**Student:** 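Sending over a structure as structure tokens; questions will come in a sec.
Reckoned from all heavy atoms, side chains included, excluding hydrogens, waters and symmetry mates. Naming: A, B, ... by sequence-line order, numbering from 1 per chain. These numbers come from a predicted model, not from an experiment.
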Amino acid sequence: MAILTVQKVSKYYEKKKVLDDVSFSLEKGEILVIIGASGSGKSTLLRCINQLEKIDEGNIIIQEQKMIREVKKGKPIYEKKDKLEKMNLSCGMVFQNFNLFPHLSILENITKAPMTVLKQDRKTAEQIANQLLIKMGIENKSDQYPCTLSGGQQQRVSIARALAIRPEIIFMDEPTSALDPELIGEVLKVIEELAKEKRTMVIVTHEIGLAEEIADRVIFMDQGKIIEEGTPQEVIGNPKQKRTREFLTRYQKKQLRFGDGS
Amino acid sequence: MLEKMNIDQLLNLVKLLGSGMGTTLQIFFLTMLFAIPFGIIIALAKNSKNKIVAGITKLYILLIRGTPLMLQIIFVYFGPYYLCQITYDRFTAIIIAFVLNYAAYFAEIFRTGINSIPKGQEEAAFTLGMKKSQIFFSIQLPQVIKRILPAMSNEVISLTKTTSLAQIIGVTEMFALAQKQASFQFSIIPLCVAGVFYLIMCGVVTLAFHQAEKKLDYYKIV
């Protein structure tokens with residue numbers, strides 16, 4: 001049984017179709033990596049699953065719970081608030097720009113949601129947070145504030161923060177794109193660590209290397225459509241579609257010019 | 001005039017004006033107490049996606065900021081009388097007029113503060129399962145406060161002095177007493193003493209804001 005199913009999802013910005021009939025599903029423990037050029041709709045897709053954007057057609061099913069209850073006059077009607085909230089809680093999201101809360105310490109950044117949303121008491125929440133920080137290799141930063149941390153450290157905190165609400169699926173939206181090249185490695189290491197634990201993850205990335213290394217499945221998107229889908233060997237190693245090949249060649253040229261980021 | 005006034009007279013004057021400070025401070029604190037939450041509501045309403053709500057607040061802010069407070073005070077007190085012969089307490093009228101006026105100015109400050117907080121934080125909090133009110137009060141508001149302190153200190157400092165307008169509908173605050181004494185004693189000294197009172201008030205306000213800014217200096221908003 002799939003833990004996440006995206007069914008024929010389309011989305012428009014004004015008249016422009018940014019998601020065009022996108023369908024895929026995800027099994028528990030599976031790692032899906034979505035690649036594609038900027039503006040191909042990858043981030044929008046993640047944002048739709050995380051309810052940050054509304055979809056115009058189709059449906060999203062998380063743990064057998066549908067997001068769209070019915071379609072009225074061609075418009076999708078979203079489920080009731082409590083059901084949506086529950087779905088939202090089973091998804092954790094890591095953003096490109098970390099989006100840490102600057103007025104809260106690293107520890108508070110992680111414990112805020114568990115305490116307010118999951119009603120954990122401070123002691124439990126802090127214990128869990130400290131364990132997560134150890135896992136991220138930044139246990140000595142818990143009393144500091146985000147502005148004193150490097151980008152790589154901030155991103156690791158934001159991963160810990162997403163994990164603290166114990167989501168079933170972790171979504172990462174270009175988790176290394178805002179980082180200086182020398183800091184990408186430390187974040188990739190943490191993501192690989194999570195992959196080893198068999199966490200269910202959907203990662204949007206430009207790091208083709210990461211896709212090759214940890215993905216069970218790779219999706220290539222272009223102009224709001226899924227162009228190609230398969231194992232990393234298939235999609236990256238031996239792409240069938242012309243557009244995928246073009247994208248990968250472009251990417252490799254860039255790598256040759258600028259050196260490998262990781 | 002100065003040589004004619006001895007220490008006792010000066011002390012009496014300070015005492016007299018000090019008694020007027022009670023009313024001045026009441027106007028000041030009550031305005032702050034009500035105008036801040038009301039200002040937050042107006043700020044949120046102006047940010048609202050509902051066009052009617054946003055439109056009404058826009059008009060409100062335009063009316064308040066576009067007309068003098070003196071006119072508003074007179075309107076709030078005499079308006080009900082002209083319209084339906086209702087009279088009520090003058091002090092209450094002053095508080096209503098001040099709150100309506102300052103809330104509009106505060107609202108614009110709050111709104112720019114709220115809009116300056118990166119949207120990504122709200123989104124992150126949302127994906128963590130936090131509700132709108134939780135996001136507002138525990139994520140956005142603390143940062144908004146830090147952002148708006150300098151602009152707020154300007155408005156609050158102006159409020160300390162604007163309290164003197166209360167006398168136009170006969171609410172006797174400190175400055176009204178000072179003016180009376182000045183003409184009664186034919187002396188400029190009561191006005192000077194009033195000036196010192198205002199300076200002290202503004203000094204305290206400035207210090208308080210400075211302390212608050214220092215206290216919130218432990219983090220940077222990116």
**Student:** Counting only heavy atoms from other residues, nucleotides and ligands, does the tally under 6.0 Å from NZ of A:Lys135 exceed 12?
**Tutor:** yes

**Student:** Where on A:Phe101 is there a heavy atom nearer than 4.5 Å to chain B: the side chain, the backbone, both, or neither?
**Tutor:** both

**Student:** Check this for me: B:Ile52, atom CD1, are more than 12 non-hydrogen atoms of other residues, nucleotides or ligands nearer than 6.0 Å?
**Tutor:**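 No, not enclosed.
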
**Student:** Counting only non-hydrogen atoms closer than 4.5 Å, does A:Arg161 touch chain B with its backbone (N, CA, C, O), its side chain (CB onward), both, or neither?
**Tutor:**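 Interface part for A:Arg161: both.
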
**Student:** Between A:Ala162 and chain B, with a heavy-atom cut-off of 4.5 Å, which part of the residue counts as in contact: side chain, backbone, both or neither?
**Tutor:**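 Just its backbone gets close to chain B.
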
**Student:** Do any of residues 107-123 of chain A have a heavy atom less than 4.5 Å from a heavy atom of chain B, and if so, which, in residue order?
**Tutor:**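 Interface residues of residues 107-123 of chain A: A:Lys112, A:Ala113, A:Thr116, A:Val117, A:Lys119.
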
**Student:** Is the number of heavy atoms from other residues, nucleotides or ligands within 6.0 Å of CZ (B:Phe75) greater than 12?
**Tutor:**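 No, not enclosed.
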
**Student:** Please indicate whether B:Tyr81 has more than 12 foreign heavy atoms, meaning atoms of other residues, nucleotides or ligands, lying under 6.0 Å from its OH.
**Tutor:**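 For B:Tyr81, atom OH is not crowded (no more than 12 foreign heavy atoms under 6.0 Å).
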
**Student:** Quick check: are there more than 12 heavy atoms from other residues, nucleotides or ligands sitting under 6.0 Å from CD of A:Glu64?
**Tutor:** no

**Student:** For the pair A:His103 (side chain) and B:Lys220 (backbone), establish whether a donor and an acceptor sit closer than 3.5 Å, ignoring hydrogens and angles.
**Tutor:**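 Pair absent, no side-chain N/O of A:His103 close to backbone of B:Lys220.
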
**Student:** Under 4.5 Å heavy-atom distance to chain B, tell me which part of A:Gln96 shows up: side chain, backbone, both or neither.
**Tutor:** neither

**Student:** Can you pull out the residues in residues 122-133 of chain B with any heavy atom less than 4.5 Å from chain A?
**Tutor:** B:Glu123, B:Ala124, B:Ala125, B:Phe126, B:Thr127, B:Leu128, B:Gly129, B:Met130, B:Lys131

**Student:** With a 4.5 angstrom heavy-atom cut-off, could you sort out which part of A:Asn88 is near chain B: side chain, backbone, both or neither?
**Tutor:**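 Contact with chain B: backbone and side chain both.
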
